[in-house]
Q: 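Shown below is the structure under consideration.
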Amino acid sequence: MARSSRARGLSRRSFLRAAGGACLALPFLESTPARGQANVPTRFVVFVTGQGNLPSRFTPPNLGGEALQLSEMLQPLSGLEQKLLVLSGVNNLLPSLHTSNGHNAAGHTLLSAERVDTTGTGQFDPNIEVAQNHWCLGPSIDHYIAAQLGAPPPLNLAVGGSGPGENRMFYQMKAPNAAGANPEAPLENDPIDAFMTNLVGLPSGPATSRADRFRGQRSSVLDGVMASFASLDKTVSAADRHRLDAHLEALSKLEQSLSYVPPVECGTITQNLPPGYENPSNQNNWANTNQQAELMNDIMVATLACGARQVVTVQDTQYHGPVFEYLPVGPVDGWHAQVHNDPALGLNLPTADDNPVLRAGFLEYARRYNDLLTKMDAIVEPNGKTLLDNSIVLWISEFGTGQTHSPNNLPIVLAGGGGRIAMNRHLDRSGATTGDLYTSLLHAFDIMDPSFGYAGPGMQNGPISGLVG
């Protein structure tokens, strides 16, 4: 996107974004600041998987400072390190206040950082066991952010089933001054229904792909570079002429390597289902969850890119018994028992972290997250950044160690950053709480609340140091 051909009118960095995020610049033409950028809203995405992860294989190695090296369980994200932040040491302290089976309290409080309405009257009683159908005394962070931004309520999607259970995590904003708890947010698990409800009939504004952006602008970019070259031809050195020639040659090769991808027209967007797709909608049919997950990712990306919602979420709700029939280790029988390294299985493994079936399953969750991020990063928006760059994408689970039901040291990855969170980092913030994390995220959206969730002893320490710039 070259600027004027005059030496003083040249952009600081004339560049070309293309498929895969390649960026070819003229680093020696740096006489003016970059031009102003279009105002694009920051989006918020929550990606939830169940049963925690394998801590010894998930937590990145400590390389000193904030350096990030992807761990074994994060390898599917390789290539996206520049747009990732892994956060270690965050604890959910709310389950310890409750009487629970180990799952209900951890799941119900994960995204709200609040206590559960165990009485059904809008009150918390620590002596009453948390039930699957209990609601929470506060909204989940996604619904709160949407409300504070004046945006539509989040689109809450599910991979697996959509009914209430141990996986109840999302809570709506109740009416101001209304009594009782915050109602559960319904989850949509049918990608066909979700598509029809949220994407059919939208205005026809385009969501432009990288390749389309390249094709549409390559002429002006190349012409601009040529004009720059012509104006400087008599003033630059022979070495600079050689560098300009090499730059033009590289642009030409890149142009030839791209295949055209038409933009998404939001008013005429269509859904492509895999042949014979059947939605995994009941307890007897949990096959095809990989296809369901990718369809949900497509819906989330299109919903955000077309401006239908500013906040979207997806939750794996069949985390007790996923089959993973499409993986080499599948079909898996007794996933929940394997997470707990149940001796009755006869696996004879020191810990669940050593189970190859679990490694394959948790890597599948990372692959799904990578699929979402990659699709978001393929949409270039009016400010020249990608949809991923303009978003904060949180991946989180209710346990740090599923084997022991521990809600400490939760597996947390943030992607994109929305221009407020510096990426390519591993932050170890031992002792921080989920309330601290969500307070930080609020600040990233310029919602300057001092805390989020229950403010009991030790629950709130303020925003996490160094997380938000």
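Just so we're clear, the structure is a prediction, and the values are computed from it rather than from any experiment.
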Q: Has Arg429 got a side-chain atom pairing as donor or acceptor with Val90's backbone, closer than 3.5 angstrom?
A: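 No, because the side chain of Arg429 does not come within donor-acceptor range (under 3.5 Å) of the backbone of Val90.
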Q: Just by distance, with hydrogens left out, do Tyr277 and Asn279 show a side-chain donor and acceptor under 3.5 Å apart?
A: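 Per modelled atom types, Tyr277 and Asn279 side chains form a pair under 3.5 Å.
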Q: Between Asp446 and Arg420, does any NZ, NE, NH1 or NH2 come within less than 4.0 Å of an OD or OE carboxylate oxygen?
A: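 Asp446 and Arg420: salt-bridged.
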Q: Answer with yes or no whether the side chains of His320 and Gln51 bring together a donor and an acceptor at under 3.5 Å.
A: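 Yes.
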Q: With distance as the sole criterion, is a donor-acceptor pair present between the side chains of Thr118 and His98 under 3.5 Å?
A: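 Side chains of Thr118 and His98: no pair found under 3.5 Å.
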Q: Ignoring hydrogens and geometry beyond distance, is a side-chain donor-acceptor pair present between Thr109 and Asn92 at under 3.5 Å?
A: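 Yes, side-chain donor-acceptor contact under 3.5 Å.
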Q: Answer yes or no: is there a donor N or O on one side and an acceptor on the other, between the side chain of Asn53 and the main chain of Pro55, under 3.5 Å?
A: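 Side chain of Asn53 to backbone of Pro55, a donor-acceptor pair under 3.5 Å: no, none is there.
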Q: Using only heavy-atom distances, determine whether the side chains of Asn101 and His405 contain a donor-acceptor pair under 3.5 Å.
A: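 The answer is no; no qualifying pair exists.
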Q: In terms of side-chain heavy atoms, does Thr386 have a donor or acceptor partner in Asp389 at a distance below 3.5 Å?
A: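 Side chains of Thr386 and Asp389: pair found under 3.5 Å.
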Q: Do you know the tightest heavy-atom contact between Leu387 and Glu381?
A: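 So the two residues come closest at CA-OE1, 3.6 Å.
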Q: Using every non-hydrogen atom in the two residues, find where Asp142 and Phe44 come nearest and quote the distance to one decimal.
A: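 Looks like CA-CE2, 4.0 Å.
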Q: Taking 4.0 angstrom as the limit, do Lys375 and Asp371 come out as a salt bridge?
A: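 So Lys375 pairs with Asp371 through a salt bridge.
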Q: Please tell me whether Asn182 and Gln172 have a donor and an acceptor in their side chains that are separated by less than 3.5 angstrom.
A: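 Looking only at side-chain atoms, Gln172 and Asn182 do not form any donor-acceptor pair under 3.5 Å.
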Q: Distance alone, cut at 3.5 Å: any donor-acceptor contact between the side chains of Asp449 and Tyr144?
A: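 Indeed, the side chains of Asp449 and Tyr144 share at least one donor-acceptor pair under 3.5 Å.
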Q: Could you measure the distance from the CD atom of Glu81 to the CG atom of Asn424? Nearest 0.5 Å is fine.
A: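 Reported to 0.5 Å precision, the distance equals 7.0 Å.
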Q: Can you tell me how far apart CG (Leu87) and CG (Asp428) are? Round to the nearest 0.5 Å.
A: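 Those atoms lie 8.5 Å apart.
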Q: Is the shortest heavy-atom distance from the side chain of Val323 to the side chain of Trp335 under 4.5 Å?
A: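 They are not in side-chain contact.
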Q: Regarding Thr374 and Asp377, is there a side-chain donor-to-acceptor distance under 3.5 Å anywhere?
A: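 Distance-only check fails for Thr374 and Asp377.
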Q: Spell out, as yes or no, whether a donor-acceptor pair under 3.5 Å connects the side chain of Gln315 to the backbone of Met169.
A: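 Not confirmed, Gln315 side chain does not pair with Met169 backbone.
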Q: How long is the span from the CG atom in Leu94 to the NE2 atom in His108, to the nearest 0.5 Å?
A: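 Going from CG on Leu94 over to NE2 on His108, the span is 12.5 Å.
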Q: Are Leu437 and Ile412 close enough that some pair of their side-chain heavy atoms sits under 4.5 Å apart?
A: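 Touching, per the 4.5 Å side-chain cut-off.
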Q: Under the side-chain contact (heavy atoms from CB on, under 4.5 Å) test against Leu414, which residue among Val393, Ile392, Val86 passes?
A: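 For Leu414, the side-chain contact (heavy atoms from CB on, under 4.5 Å) check succeeds only for Ile392.
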Q: For Gln460 and Tyr454, does a side-chain donor sit closer than 3.5 Å to a side-chain acceptor?
A: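 No - no donor-acceptor pair under 3.5 Å links their side chains.
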